[in-house]
Amino acid sequence: VVLLVRGYEAWYRSPFVVAALQGALAAAVGIILSSAWLLLRPYFTARTWVRMTALAAGSFALSAGLAAPPIRVLALAALIGWFWRERPAS
Amino acid sequence: MSLLVLYLLLLKATVTSFSGLSSLPMIRHDLVVTRHSLTDRQLNAAVVVGQSSPGPFGLYIVAVGYFAAGIPGAIAGWLALITPALVVIPMLRYAARHTEDPRLQGVLRAVIAASAGLTLSICVPLARDAITGWLPAATILAATLALILTRVETVWVILLSAAVSLLALWR
């Protein structure tokens, strides 16, 4: 990892490396976007999707819109998770 | 910033996340927004390096440590990455006794949902930095869809995206 970072630092001004990095950085955003969905997907069932969507959307709004610190958002989600019970399986 | 503080901030991120990249919002808040030890570009580059390296998911934390404080920072990042593994056994004992508790399951799922929301929120500033034209925007879309719809490894997505960007430079 350190060797790769040093390579990045040594070469990031070269126009070819800048071009390659632009593509790689865009891919990294795609990786982060997909990781959010992949994190959510196993828990996204007919019984739980409303709760999961509301919590994910609420966290997004608190963080992106109100710049709330992540630790507070997670603590609030835990509190909501304690009181807002999932629909029991029928 | 002292190495101990860096280690503790990275540790806070690793112990409160549920997959490799869900620690990103915490790291961005602490190191980019609050302490200005990193830029969004460096954080994004750390993700590229971490995903291109062999090894466990979440290895980008070592690169984050390096960008923040050089080699000692990389070591602090590595320690923050492995420390949670040391508490796995007591956690497993606790989990074995309580995993059936529906309230605890509800709390865990709520925190996972919140982690996903936080991970999405971090994409806004990183995408703002990465989107310099239509090609990076298309790359983000293609990479996201490829990773969601197929089982392709992230390193191939990064390499292909870099290659396409280089080809566009030559055209």
Side-chain angles (χ1 to χ4, degrees), chain A residues 1-2 4-6 8-9 12 15-16 18-43 48 51-65 67 69-71 73-74 76-86 88, chain B residues 16 18-22 24-26 29 44-45 47-53 59 62-63 66-67 71 74 102-103 106-107 109-124 126-127 130-132 136 139-140 142-144 147-148 154 157-158 161-166 168-169:
Chain A
V1 172
V2 170
L4 281 171
V5 177
R6 287 204 158 172
Y8 165 81
E9 285 183 332
Y12 80 101
F16 294 109
V18 167
L21 269 176
Q22 273 183 344
L25 294 177
V29 176
I31 290 168
I32 299 165
L33 272 172
S34 64
S35 79
W37 169 244
L38 295 174
L39 187 65
L40 210 53
R41 189 165 62 182
Y43 307 97
T48 59
R51 185 176 183 270
M52 295 300 276
T53 307
L55 283 163
S59 305
F60 177 85
L62 280 175
S63 179
I71 197 88
V73 176
L74 292 175
L76 181 64
L79 198 65
I80 292 171
W82 181 263
F83 290 107
W84 182 4
R85 303 186 74 170
E86 290 172 345
Chain B
T16 52
F18 289 87
S19 80
L21 292 177
S22 61
L24 261 176
M26 196 84 73
H29 179 265
N44 214 350
V47 173
V48 171
V49 168
Q51 296 293 316
S52 311
S53 316
L59 206 54
V62 177
Y66 183 85
F67 277 128
I71 295 278
R103 270 202 193 271
V107 168
R109 287 189 187 137
V111 172
I112 287 167
S115 293
L118 288 171
T119 306
L120 281 178
S121 75
I122 199 181
C123 288
V124 177
L126 294 182
I131 297 177
T132 51
T139 304
I140 290 174
T144 307
L147 289 164
I148 287 175
T154 53
V157 173
I158 289 172
S161 304
V164 169
S165 196
L166 265 176
L169 181 76

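Naming: A, B, ... by sequence-line order, numbering from 1 per chain. Please read all numbers here as calculations on a predicted model, not as lab measurements.
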Taking all non-hydrogen atoms of both residues, which atom of [X] and which atom of [Y] are closest, and how far apart?
| X | Y | answer |
| --- | --- | --- |
| B/T139 | A/G23 | CG2-O, 3.9 Å |
| A/A28 | B/N44 | CB-OD1, 3.1 Å |
| A/R6 | B/Y66 | NE-OH, 2.8 Å |

| Got a donor-acceptor contact below 3.5 angstrom from the B/S165 side chain to the A/Q22 backbone? |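 No, the answer is negative, given that no donor and acceptor are paired below the 3.5 Å cut-off.
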| Short side-chain to backbone donor-acceptor contact, A/R51 and B/G106, under 3.5 Å |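 It does hold such a pair.
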Could you state the interatomic distance from [atom1] ([X]) to [atom2] ([Y]), rounded to the nearest 0.5 Å?
| X | Y | atom1 | atom2 | answer |
| --- | --- | --- | --- | --- |
| B/M26 | A/I71 | CE | CD1 | 4.0 Å |
| B/R109 | A/M52 | CZ | CE | 7.5 Å |
| B/L126 | A/I31 | CG | CD1 | 12.0 Å |

When heavy-atom pairs shorter than 4.5 Å are enumerated against chain B, which of [options] gives the highest number?
| options | answer |
| --- | --- |
| A/S63, A/A36, A/P15 | A/A36 |
| A/S59, A/A67, A/P70, A/A78 | A/P70 |
| A/L21, A/V18, A/I80, A/I32 | A/I32 |
| A/A77, A/G65, A/A20 | A/A20 |
| A/L25, A/L4, A/L55 | A/L25 |

With only heavy atoms counted, which part of [X] is less than 4.5 Å from chain B, the side chain, the backbone, both or neither?
| X | answer |
| --- | --- |
| A/W82 | both |
| A/F16 | both |
| A/L38 | side chain |
| A/A24 | both |

Toward chain A, the part of [X] with a non-hydrogen atom under 4.5 Å:
| X | result |
| --- | --- |
| B/I71 | side chain |
| B/V164 | neither |
| B/A74 | side chain |

